[in-house]
Protein chains: 2
Amino acid sequence: MADYSNKEAQIAVYAKALAHPARVAIIQLLLKKQTCICGAIVEELPLSQSTVSQHLKELKLAGLIKGDIAGVKTCYCIDKVEWNKAKKLLTGLFSMTFKKENCC
Amino acid sequence: MADYSNKEAQIAVYAKALAHPARVAIIQLLLKKQTCICGAIVEELPLSQSTVSQHLKELKLAGLIKGDIAGVKTCYCIDKVEWNKAKKLLTGLFSMTFKKENCC
DNA sequence: TTTATTAATCGTAAAATTACGATTAATAAA
DNA sequence: TTTATTAATCGTAATTTTACGATTAATAAA
């Protein structure tokens with residue numbers, strides 16, 4: 001009956017950001033690669049430039065990444081502070097202990 | 001250009017399941033509570049019975065929970081095996097190390 | 001200055017999500 | 001058997017997401 005907690009809402013925001021394989025792929029790319037130029041990301045994905053741009057926008061909206069315009073190109077990278085918040089919340093959820101054996 | 005990996009796709013499936021505060025709340029409830037009767041879950045959420053049922057269906061579809069019909073009621077609980085798979089994939093993603101300092 | 005490159009945004013269509021009330025099917029209780 | 005309870009499903013409307021091509025704005029290169 002009560003409303004959701006901030007924590008629950010924020011977990012949902014981060015989870016939603018990772019709720020599409022393209023965005024998961026982008027995040028992994030940014031974690032691994034030396035470069036984070038938008039064009040390179042587009043090349044790695046089976047999607048058009050505009051669609052990739054949209055996914056980048058969503059990740060940016062959730063706070064997980066940030067973009068830095070460098071001339072004609074844009075350099076993306078993980079926002080470490082926000083990423084660690086997400087890590088804390090998500091791993092926190094998954095590290096909760098089961099209070100009882102399954103009832104089902 | 002290539003397609004997504006199974007891993008990326010599966011991470012997205014689990015993340016999508018957690019991409020709504022109501023479903024995060026349900027999962028937390030099932031992790032904490034002694035009881036997991038559908039009616040009790042409905043009472044805890046600011047949503048109608050049918051909407052909660054829909055969210056339960058989505059969580060079940062992602063594999064994270066299972067339901068056991070017990071007479072007129074239905075008892076829900078976390079699917080531990082699947083939950084641990086999700087835990088492994090998600091915490092795996094978040095434990096990836098940064099290969100370089102931020103470029104932005 | 002003109003041309004090319006890069007990435008964001010616009011416009012749009014199709015599909016998916018979210019929410020609800022109403023109905024249904026199944027079991028339990030009277 | 002009749003009535004009540006529970007939860008799934010149906011039907012539906014509103015919103016959001018996803019995807020693309022086309023256009024735009026900005027910078028770089030010729």
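Sequence lines set the chain letters: A, B, ... in the order given, protein chains first and strands last, and positions in each chain run from 1. None of these values were measured; they are calculated from a predicted model.
- Atom-to-atom, CD1 of A/I26 to C1' of C/dA7 comes out at 13 Å; the value is rounded to the nearest Å.
- One N or O donor and one acceptor, one from the side chain of B/Q54 and one from the base of C/dA19, sit under 3.5 Å apart.
- Partner of A/Y14 under the side chain to side chain donor-acceptor pair (under 3.5 Å) criterion, out of A/E82, A/K85, A/K87: A/E82 alone.
- A straight line from CD1 of B/I37 to P of C/dA28 spans 12 Å, rounded to a whole angstrom.
- Summarising the geometry, the separation between NZ on A/K57 and P on C/dT9 is reported as 5 Å, rounded to the nearest angstrom.
- Whole-Å rounding puts the B/E43 CD to D/dT5 C1' distance at 13 Å.
- Backbone-only contact: B/T74 has heavy atoms under 4.0 Å from sugar-phosphate atoms and none from a base.
- Among the atoms of the strands shown, none is found under 4.0 Å from any heavy atom of B/K60.
- Nucleotide C/dT17 is matched to D/dA14 when pairs are restricted to Watson-Crick or G-U wobble geometry with both distances under 3.5 angstrom.
- How far CG of A/L31 is from OG of B/S95: 10.0 Å, rounded to the nearest 0.5 Å.
- Here A/T51 does not reach the OP1 or OP2 of D/dA19: none of its side-chain N or O atoms lies under 4.0 Å away.
- Applying the 4.0 Å criterion to OP1 and OP2 of C/dA19, one finds that B/H20 has a side-chain N or O inside that range.
- Counting to the nearest Å, the P atom of D/dT9 and the CD atom of B/Q49 are 11 Å from each other.
- Searching all strands for a Watson-Crick or G-U wobble partner of D/dT1 with both distances below 3.5 Å returns C/dA30.
- The heavy-atom pair separating A/Y4 from B/A25 by the smallest distance is CD2-CB, 4.4 Å.
- Between the C1' atom of C/dT18 and the CD atom of B/E58 lies a distance of 9 Å, rounded to the nearest Å.
- Among B/I41, B/T51, B/L30, the single residue meeting the side-chain contact (heavy atoms from CB on, under 4.5 Å) criterion with B/L56 is B/I41.
- Side-chain N or O atoms of A/R23 include one that pairs as donor or acceptor with a backbone N or O of A/A17 at under 3.5 Å.
- Side-chain N/O atoms of A/Y76 include none lying less than 4.0 angstrom from OP1 or OP2 on C/dT6.
- Taking the nucleotide of DNA chain D with the nearest heavy atom to each of B/S53 and A/V72, the more 5' of the two is matched to B/S53.
- Pairing partner, C/dT9: D/dA22, with both Watson-Crick or wobble hydrogen-bond distances short of 3.5 Å.
- For the OP1/OP2 pair of D/dT17 and a distance below 4.0 Å, the side-chain nitrogens and oxygens of A/K16 include at least one atom meeting the criterion.
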